[in-house]
Amino acid sequence: MAKKEFQAESKRLLDLMINSIYTHKEIFLRELISNASDAIDKLYYRTLEDGATGLSREDFSIRLEVDKEARTISITDNGIGMTQEELDQNLGIIARSGSLQFKQEAEKKEDVDIIGQFGVGFYSAFMVSQRVTVDTRAFGSEEAWHWESEGLSGYEITPGAKEGHGSTITLYLKPDTEDERYSEFLDQFRVQELVKKYSDYIRYPILMEVQHTKVKEGTGVDGKDPEYETVFETETLNSMTPIWKKSRSEVSDQELGAFYKEKFYDWQEPLKVIRTSTEGAATYTALLFIPKTAPMDYYTREYEKGLQLYASGVLIMEKCADLLPDCYSFVKGLVDSQDLSLNISREMLQHDRQLKLIAGRLEKKITSELTSMLNNDREKYEEFFKNFGLQLKYGMYDNYGAKKEELKDLVLFYSSTEKKLVTLKEYVSRMKAEQKYIYYGCGETVERVMGLPQAETLKEKGMEMLCLTDNVDEFALRMLMKYDDKEFRNISSDDLELETSEEKEKTKELAEQNKEMLTFLKESLGDKVTDVRVSGKLKSHAVCITTDGMITTEMEKVLNAMPAREKIKAQRVLEVNGEHPIFQRLCDLYQNDKDRLKLYAEILYDQALLIEGISLEDPADFSQKLCQLL
Ligand code: ADP
């Protein structure tokens, strides 16, 4: 096969690796060992699935070999191997999200330090090598293949001679320079140290021929001088104890962070680590992570929730969705339980009582951890909420509110008086004695909500209002119905019960006196409104739209934005401020110029819609009418 070019993306990543001045070049070993372990995992699953491979767990290992003379270090696994096509695809193109994300970040920041934060994968070999070869044979295949590259100039694939399935990656180290001693990776102690540091928890033995100096047998006793000899012994370099099985004191936060980044393809440290284990009805250890930022695809259909599931230390499922409720789908991590059988199938798992029990416990644990974060580290919680709050609010609404009680104290909304995010509990604790409802307004942004005509009234009465800016917000609160026995009320609904009895009396009087005029306005607007009323709740604004009944204008907007739904319509009411000069003008027109009054009605209605952030049915018509008036 002729020499081939790397795909453009790969080339750039490769270029970054080759020219990297990054000081932790040692991570290449971690990356290659982790690839080896993944390759074994793949074959091991197959063994579990059909049992026809004739292999068992004990057969698998990763072997390191160092050749000082040739200046090579090689990593051999007896995993799944690669076919010719796979070799071409996997090592010629970067596909993995981690590598791709790394590249994007690197281009943004031009900061080599981020190398340490990512799993950079196979290409990291080029940080320390001038030439890399891969000899591989796919499991069950007759053919072996040889891949070879000296970096940017491309790669070549030729028939190979590898015996047995699996892959050997051989690195031909770069010559030492004044600044860099690549020979350090030929030193057995250095390699041992690196394996301990980065790959200790790899679940397959990492073997290496280790050189020891020993006292020769028969010497050093009976008064004879000891003689020494050099022997080579195969040693297992890693403890194979998974990080989650170690005690808290044995594992540093840094190690947990590194583990998370590598296993769950994130480039940032997690926001929170949750470790929990229990014995009894369900025996398990769980290591959970809350990411710092929401993954790019988090709020899309592509995102798959789930935790890794291990049975006694052996991975049996990469993403077990049943372990997490939807409201906590952002949680990453793993569960290891000895109660589960290794050969359990997916279908069986779904009905597994033990699994349900574990899922229930984990959910409680996550809730309590989030609650304590909210109470003890508000800043961190708000950072969390900025990323995943939307999911919690969906969670309240979802499934007919099945999780609303659990989530109601975890959601935050922006407060008009506190000028920051507050909990419902905090809101209620500040409610005035005479205040009947928890008030909220809806709009695209906080500024919009604060600018609503009715918001002014609340402000004047010194009452707090929650500003709802996400589509799901109002639905979530509706699902909750009450908090602490206080009902929620949208400030755009008809009656806010804010007026004093005097004010009410006055409004009523005005309405009585102008009954015919109001009826005329309503008839002019046809089926656009169900009523036109005098309002006592407006201050500087002339008009506003309120709604009768269950559906508010905000809900109307959201519901109608959903695909394939019958359009619904809120029962709109046009309210006119009885104290506003325009009201007197309307009364005059009713006496003298009904045609003009009709025009006024239409313009005022459209204006009220605009303030609410509802788009006009016919903006051109509105503009024409306004010009006519001017
Ligand atoms: P990642 O391992 O994160 O997917 P890499 O760039 O390290 O990204 O590797 C690319 C792909 O090459 C892997 O996904 C895997 O399919 C294949 N690969 C790498 N190393 C091995 C190996 N030792 N055995 C089998 N396949 C491998």
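Scope of the values below: all heavy atoms of this structure, side chains included, with no hydrogens, waters or symmetry mates. Owing to the predicted nature of the structure, the values given are computational and were not obtained by experimental measurement. For ligands, and for the atoms within them, numbers begin at 1 and follow the listed sequence.
In this structure, Glu86 falls outside the shell of residues with a heavy atom less than 4.0 angstrom from ligand 1.
Looking at Leu91 against ligand 1, only its side chain comes within 4.0 Å, counting heavy atoms. Within the 4.0 Å heavy-atom criterion, neither part of His165 lies near ligand 1. Contacts between Ile75 and ligand 1, counted as non-hydrogen atom pairs separated by less than 4.0 Å, are absent for every part of the residue.
There is no side-chain donor-acceptor pair under 3.5 Å between Ser124 and Glu31.
Checking only distances, Tyr265 never comes within under 3.5 Å of ligand 1, N or O to N or O. Residue Asp38 has no nitrogen or oxygen atom sitting less than 3.5 Å from a nitrogen or oxygen atom of ligand 1, judged on distance alone. The shortest N/O to N/O separation between Phe122 and ligand 1 falls below 3.5 Å. For a threshold of 3.5 Å applied to N or O pairs, the pair formed by Tyr123 and ligand 1 contains no separation below that value.
Considering Leu410, Val411, Val472 in turn, Val411 is the only one that fulfils the side chain to side chain contact (heavy atoms under 4.5 Å, CB included) rule with Met396. For the ring pair (Phe, Tyr, Trp, His ring centres under 6.0 Å) with Phe122, the qualifying choice from Tyr155, Phe28, Trp147 is Trp147, the only one to do so.
Salt-bridge check for Asp326 with Lys403: failed, with every basic side-chain N at 4.0 Å or more from each acidic carboxylate O. Classification of Arg131 and Glu148 as a salt-bridged pair holds, one side-chain N sitting under 4.0 Å from a carboxylate O. In this structure, Lys196 does not pair ionically with Glu193, as no charged nitrogen and carboxylate oxygen lie closer than 4.0 Å.
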